[in-house]
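Input: a single structure, listed below in C-alpha cells.
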Amino acid sequence: MGPDPAVAAVRLAVRRVLADMPAGSMTVVACSGGADSLALAGALAFEAPRAGLQAGGITIDHGLQDGSGARADAVVRTLADLGLDPAGSIAVTVDGEGGMENAARNARYAALDRAAGRLGAAAVLLGHTRDDQAETVLLGLARGSGARSLAGMPPVLRRSTDRGEVLYLRPLLELDRATMRRACLAMGLEPWDDPHNDDPAYTRVRVRHQALPVLEETLGPGVAEALARTARMLRDDADALDALAARAYEDLLADAFDHDDALDHDDALDHEGKGPTVAIRVDGLDELHRALRTRVLRMAAVKAGSPPGTLAAVHVDAMDRLVTAWHGQRHVDLPGGLRAFRRYGRLLVGPV
C-alpha cells in the first residue's frame with residue numbers, strides 16, 4: 001500500500017526538483033513550522049537520501065512575537081527528528097522601509113542567502129503553494145503592476161549575493177494549501193498556525209480570508225486555480241519580453257556624453273557634478289514597441305540604482321514621456337535619489 005495521496009503529491013513535487021541537483025549536494029528547506037513548509041520538509045527528508053543528496057532545514061526567527069525563540073527551537077527539533085542535518089534557526093532583526101511584511105521578507109531572504117552560502121547549498125526550497133500564488137496575483141492586479149507582477153512568484157528564483165548565486169525553488173506551486181495540511185496529518189507532523197496569518201491588519205490576510213472567498217462565492221469554485229494558471233501563462237510572456245528588452249537595452253547603451261558635448265548649466269545643477277549612471281540612445285528607443293520600451297526604461301532605472309520594489313509604473317510612464325512626448329521638460333524624479341532626463345539625444349539616469 002502506497003503513501004497517502006497528499007503525501008505522494010508533495011513527495012513527487014520535491015522529487016522533480018531534486019532530479020536536477022548535483023549528486024551528493026546539499027539542499028535546504030526553509031521551514032516556518034506552518035503546514036506548507038512542514039510538509040515540504042517531511043517530503044525533502046524522505047526524497048533527498050533516495051536521490052543521493054544531503055538535506056538540511058532552517059527556520060527564521062523574526063522576533064515579532066512573544067516566545068518566537070522557543071517556537072524556532074521547536075521547529076528545529078522537528079526538522080532534526082525528520083532526519084534533516086544540519087537543522088538550525090537564525091534570528092533576524094526586522095526593520096527597514098516598505099512595511100513590516102516587506103521588511104520581514106527582506107530579512108528572511110538575507111538570512112537564507114547567508115546560510116545557503118555558508119552551507120554550500122545547491123538550492124533552498126520554499127513552501128509557497130498555489131493558494132499563495134493566487135493571492136500574489138490578486139495583489140498585483142489590485143496594484144496595477146503589469147504583467148511581471150501578475151506572473152506571480154516564479155518556480156525558480158536566482159539571487160546574486162556576495163558569496164555567489166543562491167538558487168531558490170518553489171516545488172509546491174501546483175498544489176493547494178489543503179493538500180499540505182492533509183500531508184502533515186498523514187506524516188504525523190503537527191503544524192504551527194502563525195497568528196499573523198489571521199491578522200486582518202495585513203493586506204495578504206484580507207485577500208486570503210475576505211477577497212478570495214467572495215470571488216469564489218460570486219464566480220464559482222476554481223478562482224485560485226485560475227489565478228495561478230494565469231500567472232503561469234503570463235510568466236512565459238513576461239520572460240520572452242524581458243529577454244527581448246535586455247537585448248535592446250544592450251544595443252541602445254551609450255556613453256553619457258560624446259567628447260565634444262559639454263554639460264550646460266542646468267545639467268550641472270541637476271547632477272551636482274556626479275554625472276549620469278546609465279545612458280540610453282533615444283534614437284532607436286523611440287522606435288521600440290511600448291511593451292519593450294518601458295521594460296528598457298525600467299531596466300535603465302534599476303541598473304542606475306533605483307530600488308525595484310519602489311520603482312512604480314508611474315515612474316516608468318514619466319520616463320517614457322521623455323522619449324515619446326518630449327517638449328523640453330527637465331527631469332523625472334525616481335526612487336533611490338535618482339533623476340532621469342534627456343540631453344544630446346540620450347536618456348540619462350543618475351543621482352540627484
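The residues of the chain are indexed from 1 along the displayed sequence.
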Nearest heavy-atom neighbours spanning [X] and [Y]:
{"X": "A30", "Y": "L126", "result": "CB-CD2, 3.9 Å"}
{"X": "W192", "Y": "P195", "result": "CZ2-CD, 3.9 Å"}
{"X": "G33", "Y": "V75", "result": "CA-CG2, 3.9 Å"}
{"X": "T129", "Y": "L173", "result": "O-CD2, 3.8 Å"}
{"X": "P22", "Y": "L53", "result": "O-CD2, 3.1 Å"}
{"X": "A43", "Y": "V14", "result": "CB-CG2, 3.7 Å"}

If Ile, Leu, Val, Met, Phe, Trp and Tyr residues are connected whenever their side-chain heavy atoms lie under 4.5 Å apart, and connections chain through other members, are [X] and [Y] in the same group?
{"X": "I280", "Y": "L297", "answer": "yes"}
{"X": "L150", "Y": "L215", "answer": "yes"}
{"X": "L119", "Y": "L167", "answer": "no"}
{"X": "L138", "Y": "L234", "answer": "yes"}
{"X": "M26", "Y": "L84", "answer": "no"}

| said: Applying the side chain to side chain contact (heavy atoms under 4.5 Å, CB included) criterion to L172, which one of D131, V10, D132 satisfies it? | reply: V10
| said: Run the salt bridge (Lys or Arg N to Asp or Glu O under 4.0 Å) test on D4 and R182 for me, step by step, so that the C-alpha distance in whole Å, both residues' side-chain angles and the decisive distance to 0.1 Å come before the verdict. | reply: CA-CA 9 Å; D4 180 274; R182 290 196 300 271; 5.6 Å; no
Check for a donor-acceptor pair, side chain of [X] on one end and backbone N or O of [Y] on the other, with a separation under 3.5 Å.
{"X": "R342", "Y": "L322", "value": "yes"}
{"X": "R235", "Y": "M153", "value": "yes"}
{"X": "T218", "Y": "V214", "value": "yes"}
{"X": "S25", "Y": "M21", "value": "no"}
{"X": "R293", "Y": "L288", "value": "yes"}
{"X": "R71", "Y": "G69", "value": "no"}
{"X": "R11", "Y": "L44", "value": "no"}
{"X": "Q54", "Y": "G24", "value": "yes"}
{"X": "R208", "Y": "T203", "value": "no"}
{"X": "S306", "Y": "P335", "value": "yes"}

| message | For D283, is the CG atom crowded, meaning more than 12 foreign heavy atoms sit under 6.0 Å from it? | response | no
| said: Take a 6.0 Å sphere around CD of E216 and say whether it holds more than 12 heavy atoms from other residues, nucleotides or ligands. | reply: yes
| task | Please test V332 against R321 for side chain to side chain contact (heavy atoms under 4.5 Å, CB included), starting from the C-alpha separation and ending with a verdict. | result | CA-CA 10 Å; V332 172; R321 286 193 290 274; over 6 Å; no
| request: Might you work through the side chain to side chain donor-acceptor pair (under 3.5 Å) test for D61 and S68, ending with a clear yes or no? | output: CA-CA 6 Å; D61 176 11; S68 65; 2.7 Å; yes
| task | Drop me the distance from S32's OG to H196's NE2, to the nearest 0.5 angstrom. | result | 12.5 Å
| message | Evaluate D113 against V166 for side chain to side chain contact (heavy atoms under 4.5 Å, CB included), listing each step before the verdict. | response | CA-CA 6 Å; D113 287 345; V166 178; 4.1 Å; yes
| said: Does this structure show an ion pair linking D193 with R181, if we count only N-O contacts that are shorter than 4.0 Å? | reply: yes
| field | Salt-bridge present (R130, E225; N to O < 4.0 Å) | value | yes
| Cation over ring face, R170 and Y168, 6.0 Å, 45° | no
| message | Pair R206, E135 - check salt bridge (Lys or Arg N to Asp or Glu O under 4.0 Å), show working. | response | CA-CA 10 Å; R206 295 196 299 275; E135 294 160 9; over 6 Å; no
| remark: By ring pair (Phe, Tyr, Trp, His ring centres under 6.0 Å), H209 pairs with (sequence neighbours left out) none
| request: Apply side chain to side chain donor-acceptor pair (under 3.5 Å) to S89 and T59, showing your working. | output: CA-CA 5 Å; S89 68; T59 190; over 6 Å; no
| query | So L175 and M180, side chain to side chain contact (heavy atoms under 4.5 Å, CB included) or not? Walk me through it. | reply | CA-CA 8 Å; L175 301 175; M180 300 305 109; 3.6 Å; yes
| message | T324 vs R290, test: side chain to side chain donor-acceptor pair (under 3.5 Å). Steps then yes/no. | response | CA-CA 10 Å; T324 62; R290 176 178 163 79; over 6 Å; no
